Amino acid sequence: MTRMESTTNAQQVVRLWLANALALVGEHEEELGRLDAAAGDGDHGTTMVRGLRAANAAVTDAKGSAGELLAQAGAAFSDAAGGASGALVGMWITTIGQRLGDGPYDLPALLEAVQAGTNRVARLGKAQPGDKTVLDALTPFLAALEAQAAAGASLGDGWRAALPAAEQGAAATREMVARRGRSAKLGERSLGHADPGAVSMCYLLRAAADAFDRAGDE
Amino acid sequence: MTRMESTTNAQQVVRLWLANALALVGEHEEELGRLDAAAGDGDHGTTMVRGLRAANAAVTDAKGSAGELLAQAGAAFSDAAGGASGALVGMWITTIGQRLGDGPYDLPALLEAVQAGTNRVARLGKAQPGDKTVLDALTPFLAALEAQAAAGASLGDGWRAALPAAEQGAAATREMVARRGRSAKLGERSLGHADPGAVSMCYLLRAAADAFDRAGDE
Amino acid sequence: MTRLYNDPADFREELIEGFVAAYGRLVQRVPNASGVMVRAPQPDKVAVIIGGGSGHYPAFCGYVGPGLATAAVMGNIFSAPSAEQVYRVTKAVAGAAGVLYSYGNYSGDVLNFDMAQMRCEDEGMDVRTVLVTDDVASAPRGQEEERRGIAGDFYVFKLAGASAARGDNLDEVERLALKTNARTRSFGVAFAGCTLPGQRAPLFTVDAGQMELGLGVHGEPGISTGEMRPAREVADLLLDTLLADVPEGAGSRVAVMLNGLGSTKYEELFVLYKDVHRRLLAEGLELHDPIVNEMVTSLDMAGCSLSLLWLDDELAPLLDAPCTTPAYTIG
Amino acid sequence: MTRLYNDPADFREELIEGFVAAYGRLVQRVPNASGVMVRAPQPDKVAVIIGGGSGHYPAFCGYVGPGLATAAVMGNIFSAPSAEQVYRVTKAVAGAAGVLYSYGNYSGDVLNFDMAQMRCEDEGMDVRTVLVTDDVASAPRGQEEERRGIAGDFYVFKLAGASAARGDNLDEVERLALKTNARTRSFGVAFAGCTLPGQRAPLFTVDAGQMELGLGVHGEPGISTGEMRPAREVADLLLDTLLADVPEGAGSRVAVMLNGLGSTKYEELFVLYKDVHRRLLAEGLELHDPIVNEMVTSLDMAGCSLSLLWLDDELAPLLDAPCTTPAYTIG
Ligand SMILES: Nc1ncnc2c1ncn2[C@@H]1O[C@H](COP(=O)(O)OP(=O)(O)O)[C@@H](O)[C@H]1O
Ligand SMILES: Nc1ncnc2c1ncn2[C@@H]1O[C@H](COP(=O)(O)OP(=O)(O)O)[C@@H](O)[C@H]1O
Ligand SMILES: [Mg+2]
Ligand SMILES: [Mg+2]
Ligand SMILES: [Mg+2]
Ligand SMILES: [Mg+2]
């Protein structure tokens with residue numbers, strides 16, 4: 001799809017995204033827990049699943065634009081998930097929703113919204129790229145998405161084309177020493193395992209790509 | 001040896017017995033713990049070793065007749081060991097010592113003393129043969145020892161000849177349901193394992209046989 | 001698994017030393033004995049002496065202090081203290097008002113406390129014994145006096161201590177302790193055994209997906225084995241067993257204690273307690289000051305027990321009476 | 001291993017319900033929130049709000065009651081409570097005297113409490129935050145404010161609660177809490193990890209004969225690994241580390257707390273404490289009311305931590321002041 005045609009269509013994409021995200025993260029719940037246990041407290045998988053369940057429930061019967069749905073989903077996510085990722089990922093979703101508002105829902109708008117959400121995460125978490133956090137997936141993803149937008153790509157194609165950058169970014173956290181969050185206390189011991197928050201963010205981004213595709217097919 | 005010739009000799013036998021007993025029970029400490037763990041609390045090995053260490057320490061520099069040494073050893077055993085076997089085995093040793101007094105230390109005297117000690121254990125513990133206790137080693141042992149005494153056996157020979165009865169008695173506890181002590185609460189679950197107190201008593205009796213032999217050799 | 005020790009043979013001695021060092025503001029060591037006592041024994045009041053093997057903290061030494069026990073005799077891990085030690089502790093705290101011994105009904109404890117009692121009686125002291133026999137799993141109805149003591153220990157000690165503290169005479173302290181015991185029932189389940197200091201293997205193991213029913217607090221295996229179940233079914237199992245064994249004359253007011261054995265932790269106990277509480281209310285019982293805590297442990301054994309004490313107007317105030325001990329304080 | 005639960009997703013909710021059912025005589029649930037508060041909040045006094053993930057009982061809800069914390073916000077196991085829940089609890093107890101938040105310094109807790117604080121401040125409330133940063137293993141000297149909070153939580157909560165209870169204003173409560181934190185140091189070791197409800201594998205494992213140094217209270221592995229040693233050497237290791245990090249202005253009077261993580265049991269802690277105590281006295285320190293207990297746990301993790309709080313004449317009376325909570329009472 002090039003852009004979400006109608007309001008209904010955009011709302012549908014939000015619902016699809018959250019459902020896909022829950023399915024994908026749910027499949028990897030144990031893996032995320034193990035990654036977190038390596039230098040943290042092992043709850044990242046259950047935390048993300050709990051948050052996504054609540055986010056899905058929040059949009060089931062909710063009314064409003066796609067942007068409003070996202071804002072509500074983010075709040076529900078934060079409240080149910082708790083922890084660092086509850087606060088950060090929830091805020092990210094909410095900010096994206098607030099920026100998107102009633103649309104338009106095209107690639108430049110989404111780029112701007114995700115950029116705003118990511119900035120807010122960085123500010124809230126006082127983290128920078130290289131600190132071994134969710135930002136290490138988001139920052140390269142945004143760079144790639146920006147290039148896609150500049151090249152005039154459609155929403156669905158541009159987003160999907162940017163995914164590998166996020167995944168490489170997440171994989172690269174394996175060689176990083178954590179400087180933020182719980183695992184920062186472990187210093188060198190955090191080496192050798194990818195950051196769970198960066199990995200789960202890749203699942204969220206991939207779930208969105210699938211939602212764009214499926215909504216485009218319908 | 002037929003009887004302990006002199007006071008010194010008898011004291012020597014007591015010391016040898018306690019040293020042998022500690023060595024033999026110490027070798028089997030884990031086994032006794034395991035037997036106790038099957039339906040009890042697993043401490044019988046450590047309890048016996050602790051008691052025997054104290055009993056040995058008590059007679060190292062003690063003065064007095066063999067009977068007096070035994071009485072002191074029994075008291076030290078009880079105090080250090082604690083638990084059911086501390087009370088019962090300590091009382092058994094003390095009673096034997098009190099009965100033997102200044103001698104004579106021949107088979108009839110020992111038979112009478114061990115009989116008295118055993119009666120006291122039965123009274124204190126309110127147990128009967130067949131209840132899966134130390135009595136199931138002592139009762140057949142006494143019957144065999146009595147037969148040896150009646151046949152005029154020497155102390156060393158008679159005692160050694162009675163050992164298999166004790167060991168068969170202890171082995172037979174495997175088929176018994178405990179009716180006294182901690183494992184009584186487990187009822188049928190106590191089946192299939194020998195009673196730890198009966199087994200450790202066999203080591204005490206065997207250690208005495210070895211003491212009689214070695215003292216006889218010297 | 002027990003990991004922190006030096007020589008296992010010194011475990012009890014080091015434990016007593018550490019305990020008295022930490023809580024010297026409340027207790028003192030009994031000179032030349034394996035036991036602790038209140039800092040200022042009151043010779044005009046009945047001395048309540050409790051005790052048993054170690055490995056059950058807060059039982060027994062953690063319950064010594066004003067308003068609860070006068071002294072505790074401390075054996076080695078899971079081994080009753082010797083008669084000699086019981087005697088020494090008794091001599092150190094006994095006054096003209098006499099002595100009550102109270103402890104769980106185990107062969108080794110009975111043998112040693114009884115011998116000490118006889119010796120003290122021979123010397124003219126007035127000593128009574130109240131055995132705790134709360135564990136319904138350890139003998140059937142009709143043979144209550146054969147049962148062993150588990151977490152119900154706490155209730156009997158607390159009420160006897162409160163009675164003694166307010167100045168009741170020995171007959172009365174004994175009567176109230178007997179009555180408390182007669183009205184207390186406990187039942188427990190275990191999920192994993194404990195390991196003694198210096199040993200590598202646990203006293204028993206429980207297969208995955210199974211649990212032991214009718215636990216002992218000395219690492220003894222249960223009376224039988226059952227399938228592991230969700231918390232709410234464990235709550236029903238515990239309550240079905242206890243409510244099938246309501247003591248005579250029980251009213252509708254009940255004190256309830258959910259006791260952790262050592263490594264079944266507080267959060268799990270609260271989750272379990274949720275259903276225990278609901279069910280007790282549904283049975284029409286009035287609940288008095290529930291306790292959800294580790295009260296009588298078995299080293300790091302996994303499991304828990306539920307105790308009920310049916311109260312009446314004379315027992316309830318004793319349970320509520322103030323006390324100050326290392327492990328349990330009512331202000 | 002956590003065994004008693006129904007649906008792991010309901011764990012927190014069932015835990016809160018069970019906790020409030022058991023200790024309703026002291027605490028009540030905050031309506032529509034994952035938190036508990038005292039039965040009778042006093043709007044004229046500073047509200048001390050503590051909190052964090054569950055799995056650390058008695059922290060946090062066990063320390064709510066007169067003389068200690070006003071309320072606790074309860075997250076899921078090892079997960080900080082959300083900003084929304086912190087906000088709701090704050091609204092329920094905040095009065096004109098203002099609010100002090102105090103909790104261990106973890107990213108998730110800071111993020112959520114900070115967001116709630118901003119929201120409350122926007123509504124005109126006066127809210128302050130004192131982070132607990134006692135764990136010397138988690139950042140070097142000079143970076144004290146980066147350290148995480150472990151068992152030292154208890155001291156900061158207790159003294160802040162006592163200050164608020166006697167009617168100090170918010171500036172003063174904050175100052176005393178900051179001072180307590182600045183004078184508290186902790187260090188711990190772990191012998192085995194814990195297992196979350198519904199999971200089969202522990203969060204970390206420790207090889208036989210090894211121990212983890214510098215534990216976290218969320219099942220995080222230690223900062224480094226060392227060889228397992230006898231209790232007296234563990235005592236020295238803990239003390240060497242703490243005494244190399246004595247806070248500025250520390251005198252010679254020190255409160256000491258030996259905290260069990262969950263399945264390192266009381267008897268072991270007393271054996272270890274024996275040598276801790278001896279050594280502290282040998283260092284010329286004067287010891288104030290030692291605590292040897294489970295104060296801030298990590299489910300059934302095996303291990304312990306040692307905390308020292310250097311007291312002075314204004315802190316000591318706050319530590320000794322009376323309080324009545326489900327887990328800690330001073331009469
Ligand atoms: N200050 C921070 N800034 C950015 N991301 C952070 C920060 N703290 C934690 N994170 C992210 O959160 C993830 C951990 O999330 P989670 O395990 O759910 O929370 P918690 O650490 O509270 O247990 C980390 O892997 C990291 O990506
Ligand atoms: N009432 C009793 N009468 C006779 N023997 C007993 C009695 N109670 C226990 N025993 C003996 O003591 C042994 C257990 O000793 P031990 O394990 O040292 O003591 P405890 O049972 O106190 O842990 C049992 O195997 C049994 O032989
Ligand atoms: Mg985590
Ligand atoms: Mg035994
Ligand atoms: Mg024993
Ligand atoms: Mg967490």
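Residue numbers begin at 1 in each chain, while the letters A, B, ... track the order of the sequences. Since this is a predicted model, take the numbers as computed values, not measurements.
In C:D122, the CG atom is crowded: over 12 heavy atoms of neighbouring residues, nucleotides or ligands sit closer than 6.0 Å. Enclosure of atom CD in C:E145 by more than 12 non-hydrogen atoms of other residues, nucleotides or ligands within 6.0 angstrom is indicated. Heavy atoms of other residues, nucleotides or ligands lying less than 6.0 angstrom from CD of B:E27 number more than 12. By the 6.0 Å contact criterion, CZ on B:R160 is enclosed, its count of non-hydrogen atoms from other residues, nucleotides or ligands being greater than 12. Other residues, nucleotides and ligands contribute at most 12 non-hydrogen atoms within 6.0 Å of the CZ atom of C:R200. More than 12 heavy-atom neighbours from other residues, nucleotides or ligands sit within 6.0 angstrom of CZ on C:R128.
Using a 4.5 Å cut-off between heavy atoms, C:L196 touches chain B through its side chain atoms alone. With a threshold of 4.5 angstrom between heavy atoms, C:T225 approaches chain B through its backbone and through its side chain. In this structure, chain C has no heavy atom under 4.5 Å from any part of B:A75. For chain B, no part of C:F204 is nearby; none of its heavy atoms comes within less than 4.5 Å. Contacts of B:T46 with chain C are made by side-chain atoms alone, with heavy-atom separations under 4.5 Å and no backbone atom involved.
In terms of heavy-atom proximity, B:G42 sits nearest to C:L203 at CA-CD2, 3.5 Å. Looking at every heavy atom in both residues, B:R50 comes nearest to C:S79 through NH2-OG, 3.6 Å. Scanning both residues, C:S107 and B:A84, for their nearest heavy atoms gives OG-CB, 4.3 Å. Between B:G83 and C:N112, the shortest heavy-atom contact is O-ND2, 2.9 Å. In terms of heavy-atom proximity, C:P221 sits nearest to B:G40 at CD-O, 4.1 Å.
Annotation: side-chain contact (heavy atoms from CB on, under 4.5 Å) contacts of B:D36 (sequence neighbours excluded): B:D41, B:D43, B:H44, B:P196.
Residues of residues 206-214 of chain C lying within less than 4.5 angstrom of chain B, judged on heavy atoms, are C:E212 in numerical order.
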For side-chain contact (heavy atoms from CB on, under 4.5 Å), just list the numbers for C:M115 and B:M91, CA-CA rounded to whole Å, side-chain angles, deciding distance to a tenth of an Å, and then say yes or no. CA-CA 10 Å; C:M115 290 198 294; B:M91 179 60 76; 3.5 Å; yes
Could you go through B:T47 and C:N76, starting from their C-alpha distance and side-chain angles, then the distance that decides it, and tell me whether this counts as side-chain contact (heavy atoms from CB on, under 4.5 Å)?
CA-CA 9 Å; B:T47 297; C:N76 285 286; over 6 Å; no
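Per-residue heavy-atom pair counts under 4.5 Å with chain B were compared for C:S298, C:G222, C:A9, and the maximum is reached by C:G222.
The closest side-chain heavy-atom distance from B:R34 to C:Q199 is not below 4.5 Å.
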